[in-house]
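Just so you know, residue 1 is the first one in the sequence shown, and it goes up from there.
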Amino acid sequence: MPGQRSITEAEKLAEAKLGGVPVRREQMLAVANIYRAATTVRHHLENSVLRGSDLTWTAFVVLWVVWVWGESETRHVAEEAGISKGTLTGVSRTLESRGLLRRSAHPTDGRLVLLSLTEEGEEFMLRVFPAFNEEEAFVTSRLTDEECLSLADGLRRVVLQVEEQGEDRRRALLNGEEPAPRRSGRRSRG
């Protein structure tokens, strides 16, 4: 990407900065490259397939979650998409205004909102996902099918580690205290 250091250059700079600092380098490289790969792939997909559909990555992920899971409560969609409920509210309203998503009240709990794809949303996903998948194939084209499966398995194990043991690890690191609440992007004035 123009204006961005190459992955090779970034790795050399990190190694030079760390010098003799005792860190687990293989694990650092794995996590750094998970982040870098995710960011690179996201930007590529946003600036190719999704740009043609006038969608952000987040909007596409919300559509994907509702498409795959079917009608779902907003809290579950937000969790699965990895976004806050506030972000989901804005994204879902935009998608609703485009006729792709339907928001409706929960039948037994009026405090809850359900999301489902409209017929137009279903058609949209059937039309756009194949093009999205072609770009998934493009970004992984230096890997064989076996390497793709191996990578997917390795990343799945990273996710499972955090899902299954992350909460206990966080508690141990925080001496049993709850983490500080997330800020909503505003800086505190002090």
Side-chain angles (χ1 to χ4, degrees), residues 1 4-8 10-11 13-15 17-18 21-46 49-50 55-92 112-115 125 129 132-133 135-140 142-188:
M1 275 183 218
Q4 184 181 39
R5 295 183 192 271
S6 73
I7 190 167
T8 305
E11 288 170 345
L13 288 169
E15 184 61 35
K17 178 61 84 177
L18 291 170
V21 177
V23 296
R24 297 174 73 178
R25 283 173 169 66
E26 294 81 4
Q27 290 75 14
M28 176 191 72
L29 286 171
V31 172
N33 286 334
I34 288 170
Y35 173 78
R36 192 171 186 106
T39 301
T40 300
V41 169
R42 176 182 179 158
H43 287 157
H44 174 75
L45 289 163
E46 278 186 326
V49 176
L50 299 180
L55 281 183
T56 63
W57 176 266
T58 303
F60 180 79
V61 170
V62 167
L63 287 173
W64 169 263
V65 168
V66 178
W67 190 44
V68 170
W69 288 90
E71 185 176 67
S72 302
E73 292 179 19
T74 53
R75 61 185 167 160
H76 298 303
V77 174
E79 185 177 318
E80 190 65 28
I83 58 177
S84 71
K85 289 184 271 182
T87 298
L88 178 61
T89 298
V91 170
S92 63
L112 300 177
V113 175
L114 298 173
L115 298 178
M125 288 303 288
F129 187 72
F132 187 92
N133 182 246
E135 290 311 299
E136 290 176 319
F138 167 77
V139 301
T140 58
R142 291 189 182 197
L143 303 174
T144 65
D145 289 349
E146 293 77 23
E147 288 171 325
C148 285
L149 290 174
S150 179
L151 175 62
D153 179 62
L155 293 172
R156 185 175 188 280
R157 286 184 281 146
V158 168
V159 171
L160 287 172
Q161 172 66 13
V162 175
E163 284 181 353
E164 295 171 359
Q165 298 182 20
E167 190 61 33
D168 289 342
R169 178 70 173 178
R170 283 188 291 278
R171 279 196 205 106
L173 290 171
L174 296 173
N175 296 318
E177 292 187 29
E178 290 296 316
R182 285 185 152 177
R183 292 200 172 127
S184 60
R186 290 180 281 201
R187 290 186 175 176
S188 63

*Checking side-chain contact (heavy atoms from CB on, under 4.5 Å) for the pair Thr140/Leu151: CA distance, chi angles, key distance, verdict?*
CA-CA 10 Å; Thr140 58; Leu151 175 62; 5.7 Å; no

To the closest 0.5 Å, what do you measure between [atom1] ([X]) and [atom2] ([Y])?
X: Leu149; Y: Leu143; atom1: CG; atom2: CG; answer: 10.5 Å
X: Leu155; Y: Leu160; atom1: CG; atom2: CG; answer: 11.0 Å
X: Arg169; Y: Leu174; atom1: CZ; atom2: CG; answer: 10.5 Å

*asked:* Counting only heavy atoms not in Glu135 (residues, nucleotides, ligands), do more than 12 fall under 6.0 Å from its CD?
replied: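 It does: Glu135 CD has more than 12 such atoms within range.
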
*asked:* Counting neighbours of CD on Glu177 that are heavy atoms of other residues, nucleotides or ligands and sit closer than 6.0 Å, is the number greater than 12?
replied: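 Open: at most 12 neighbouring heavy atoms sit under 6.0 Å from CD of Glu177.
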
*Those residues that, when tested against Glu136, pass side-chain hydrogen bond (donor to acceptor under 3.5 Å, both in side chains) (two or more places apart)*: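 Only Asn133 meet the side-chain hydrogen bond (donor to acceptor under 3.5 Å, both in side chains) criterion with Glu136.
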
*Begin from the C-alpha positions of Trp69 and His76 and carry the test side-chain contact (heavy atoms from CB on, under 4.5 Å) through to its verdict.*
CA-CA 10 Å; Trp69 288 90; His76 298 303; over 6 Å; no

_Between Ser150 and Cys148 (side chain of the first, backbone of the second, donor and acceptor by atom type, cut-off under 3.5 Å), is there such a pair?_
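Here the side-chain-to-backbone pair does not exist.
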
Side chains of residues 56-66: which donor-acceptor pairs under 3.5 Å do they make with residues two or more places apart or in other chains?
unit_1 : atom_1 : unit_2 : atom_2 : d
Thr56  : OG1    : Ala59  : N      : 3.0

*Of all the heavy-atom pairs spanning Phe132 and Leu50, show the shortest one and how long it is.*
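Closest approach of Phe132 to Leu50, heavy atoms only: CD1-CD2, 4.2 Å.
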
*Which heavy-atom pair separates Arg142 from Glu147 by the least distance, and what is that distance?*
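Minimum heavy-atom contact is O-OE1, 4.0 Å.
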
*Side chains of Glu73 and Leu114: does their closest heavy-atom pair fall under 4.5 Å?*
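Side chain of Glu73 against side chain of Leu114, heavy atoms only: contact under 4.5 Å found.
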
_Pairs involving residues 30-45, ordered by first then second residue, that meet salt bridge (Lys or Arg N to Asp or Glu O under 4.0 Å) (sequence neighbours left out)_ =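 Of all non-adjacent pairs touching residues 30-45, those that pass salt bridge (Lys or Arg N to Asp or Glu O under 4.0 Å) are Arg42-Glu46.
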
*asked:* Using a strict threshold of under 4.0 Å (side-chain N to carboxylate O), is an ion pair present between Arg171 and Asp168?
replied: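 Counted as a salt bridge, because a side-chain N and a carboxylate O are separated by less than 4.0 Å.
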
